[in-house]
Amino acid sequence: MNERTLAYLRGRFGDYYRGGAVDQPPDAHAREWGYVPWTEGPGETYVRHNSLLDLGDLDDFLARERPRHIYFSAGLYNDPSEKTMDGKEWQSSNLIFDLDADHLPGTTPDDSYGEMLAACKDALYRLLEFLREDFAFEKLEIVFSGSRGYHVHVHDDNVQELDSDSRREIVDYVRGIGLEFDALVDEQTVAGSVGRESPANNRYLPTDAGWGRRVHQELLSVMREVREMDQTEAVETLQEYEGVGQKKAETAYRFAQNRFVEIEEGNLSAHNVFENLAEQFAPAVVADQNAQIDEPVSTDTNRLIRLPGSLHGGSGLVVRPISADDLDEFDPLVDAVPETFTGHDITVDVTAPGTVRLGGDSFTLEEGVHSVPEYVGVFLMTRGRAEKGRE
């Protein structure tokens, strides 16, 4: 990044911040603050161990310093400006989840920016399902990271004082790490068996929540398909699964035709073929439906996270908070474009040609000098794909 580009971006970031677009997080004075200033060259200078008292009024600081990136801590401290973590005296922390398209299975460097963000949004929905349904968290703040993913801040009171080990257990659950099939199954005493010398128990997959419900949904989906087949096709299909011979396949098909309610209820004891199938489905369900989060972010009680409302210095897009009601319609390539950078064109010298889809339009740019909407120019410059041209 040359001197002209650096000066331009720093100035325009300052114009954005003078608009007062950023709100302070809760308990801002008890948090550590860090930022990255604009510097020449490929490296970045990371300034941290600041309290808000060190920075001064947040709006004034942002307008004056015009940082490339700005962060605040998930943790609350007695003395956030201390240079050692022990010296800060940790009190509590929000639980933070970070989803990054670069880390998702199935995404490749050949995918477009929009395709990667779409995959990350799908992963976000899976994470939110875990947080809302499995953990019953209610105070969730959803934020587009400004680049390739999303953050979720959990503000519920019951997570604030969890240590790293307890947070690790939550991470392991949403990632499906160390999940044992037997732990998913509930045992229920069969009606009329109480008082017998050896009461009978039926084994059920839960149908309401948790990993058990997810495995049950897969079993139910497969058996619904089997129910629609003729017997010959159904038996052949079921025999493709390990441990399912012809007799078990025929039995499973009869259940699908005549006693499907027991499959709907998750009754694995209706016949051992169903527990066999469910146990085989479980690893694939975990692989397909786990939340692909950046694990160290969630376990670290001292983690710094991007300030919602700030600008991302690697894209020029807004680190945009999103209400749950607006999430379905949210398009980061449109809704995270800063209004400050719209309405006029600038000249840039493109050094890395290619297509940019932003602001609802597509721009295919060859190497060389071009006049483009400012938000496109800022995106290219912050990503190292262009330098500021002379106007």
Side-chain angles (χ1 to χ4, degrees), residues 1-17 19 21 36 38 40-42 44 66-69 99-104 106-124 143-151 306 309-320 322 329-391:
M1 184 179 296
N2 65 31
E3 185 176 345
R4 183 189 300 115
T5 303
L6 183 70
Y8 183 86
L9 290 174
R10 189 165 187 258
R12 292 299 283 150
F13 270 49
D15 293 337
Y16 170 82
Y17 285 123
V36 175
W38 290 98
E40 292 188 58
E44 294 183 339
R66 300 165 283 182
R68 187 172 189 170
H69 310 278
L99 291 160
D100 191 326
D102 287 345
H103 301 155
L104 297 178
T107 59
T108 72
D110 294 332
D111 292 337
S112 71
Y113 188 36
E115 288 170 337
M116 296 182 77
L117 287 174
C120 203
K121 192 174 183 182
D122 288 341
L124 172 64
V143 183
F144 170 59
S145 72
S147 184
R148 293 182 180 269
Y150 294 87
H151 302 154
R306 289 187 183 277
S310 66
L311 292 179
H312 192 295
S315 68
L317 299 177
V318 178
V319 182
R320 179 74 73 191
I322 313 160
E329 300 301 320
F330 178 75
D331 180 352
L333 300 185
V334 175
D335 300 321
V337 172
E339 188 175 346
T340 304
F341 303 156
T342 62
H344 55 279
D345 293 352
I346 62 170
T347 301
V348 293
D349 187 357
V350 174
T351 56
T355 299
V356 176
R357 293 180 177 86
L358 206 58
D361 291 312
S362 180
F363 307 84
T364 299
L365 302 170
E366 301 293 334
E367 189 172 336
V369 177
H370 298 270
S371 179
V372 296
E374 186 181 24
Y375 59 86
V376 175
V378 169
F379 179 83
L380 291 169
M381 288 185 284
T382 54
R383 295 184 92 75
R385 294 179 54 185
E387 299 285 359
K388 181 66 184 73
R390 296 184 183 277
E391 298 294 342

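Here the structure is a predicted model, which means the values were calculated and not measured.
Considering CG of Leu317 and CG of Leu358, their distance stands at 5.5 Å, rounded to 0.5 Å. Note that CG of Asp111 and CE of Met116 are 6.0 Å apart. Values are rounded to the nearest 0.5 Å. The distance from atom CZ of Arg385 to atom CG of Leu380, rounded to the nearest 0.5 Å, is 5.5 Å. For the atom pair Arg357 CZ and Leu117 CG, the distance stands at 12.5 Å (nearest 0.5 Å). Here the CZ atom belonging to Arg66 is positioned 4.0 Å from the CZ atom belonging to Arg10, to the nearest 0.5 angstrom.
Residue Glu3 qualifies as open at atom CD: its count of foreign heavy atoms under 6.0 Å is 12 or below. Residue Glu339 places its CD atom among 12 or fewer non-hydrogen atoms of other residues, nucleotides or ligands, all under 6.0 Å distant.
Checked for salt-bridge contact, Asp102 and Arg148 meet the test: a charged N lies under 4.0 Å from a carboxylate O.
Residues Phe13 and Gly316 share a closest heavy-atom pair of CZ-CA, 4.3 Å. Residue Leu311 comes nearest to Pro338 through the heavy atom pair CD2-CG, 3.7 Å, listed as atom of the first residue, atom of the second, then distance. For the residue pair Val350 and His370, the shortest heavy atom distance occurs at CG2-CD2, 3.7 Å. In this structure, His312 and Val319 approach most closely via the heavy-atom pair N-CG2, 4.3 Å. Summarising the geometry of Ala101 relative to Cys120, their closest heavy-atom pair is N-SG, 3.7 Å, with the distance given to 0.1 Å. Contact detail for Thr382 and Gly314: the closest heavy-atom pair is OG1-C, 3.6 Å.
Tyr8 and Glu374 are linked by a side-chain donor-acceptor pair at a separation below 3.5 angstrom, with hydrogens and angles left out of the test. Checking Thr347 against Ser371 by side-chain atom types alone, no donor-acceptor pair falls below 3.5 Å.
Using a 30° and 60° split on the angle between ring planes, Phe330 and Phe144 fall in the tilted class, from 30° to 60°.
Within the 4.5 Å cutoff, the side chain of Val356 has no heavy atoms near those of the Thr364 side chain. Here the side chains of Leu9 and Met1 are in contact, with some heavy-atom distance below 4.5 Å. Looking only at side-chain heavy atoms (C-beta outward), Val348 and Ile346 come within less than 4.5 Å of each other. Within the 4.5 Å cutoff, the side chain of Asp15 has heavy atoms near those of the Arg12 side chain. Side-chain contact between His151 and Arg306: present, with at least one pair of heavy atoms (C-beta onward) separated by less than 4.5 Å. For the pair Ile322 and Tyr150, the minimum side-chain heavy-atom distance is below 4.5 Å. In this structure, the side chains of Phe363 and Thr355 stay at 4.5 Å or more apart for every pair of heavy atoms.
Ring centroids of Phe379 and Tyr113 are separated by less than 6.0 Å, placing the two rings close together.
Of the candidates Thr342, Asp331, Val376, Val337 forms a side-chain contact (heavy atoms from CB on, under 4.5 Å) with just one, namely Thr342.
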> Is there a side chain to side chain donor-acceptor pair (under 3.5 Å) between Ser315 and Ser147 once you walk through the steps?
Replying inline: CA-CA 6 Å; Ser315 68; Ser147 184; 5.4 Å; no
>> Using the rule given for side-chain contact (heavy atoms from CB on, under 4.5 Å), can you reason through Met381 versus Lys388, listing the C-alpha separation, both sets of side-chain angles and the distance that settles it, and then say yes or no?
In response: CA-CA 7 Å; Met381 288 185 284; Lys388 181 66 184 73; 3.8 Å; yes
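Remark: the backbone N or O of Asn2 is paired with a side-chain donor or acceptor of Glu387 at under 3.5 angstrom.
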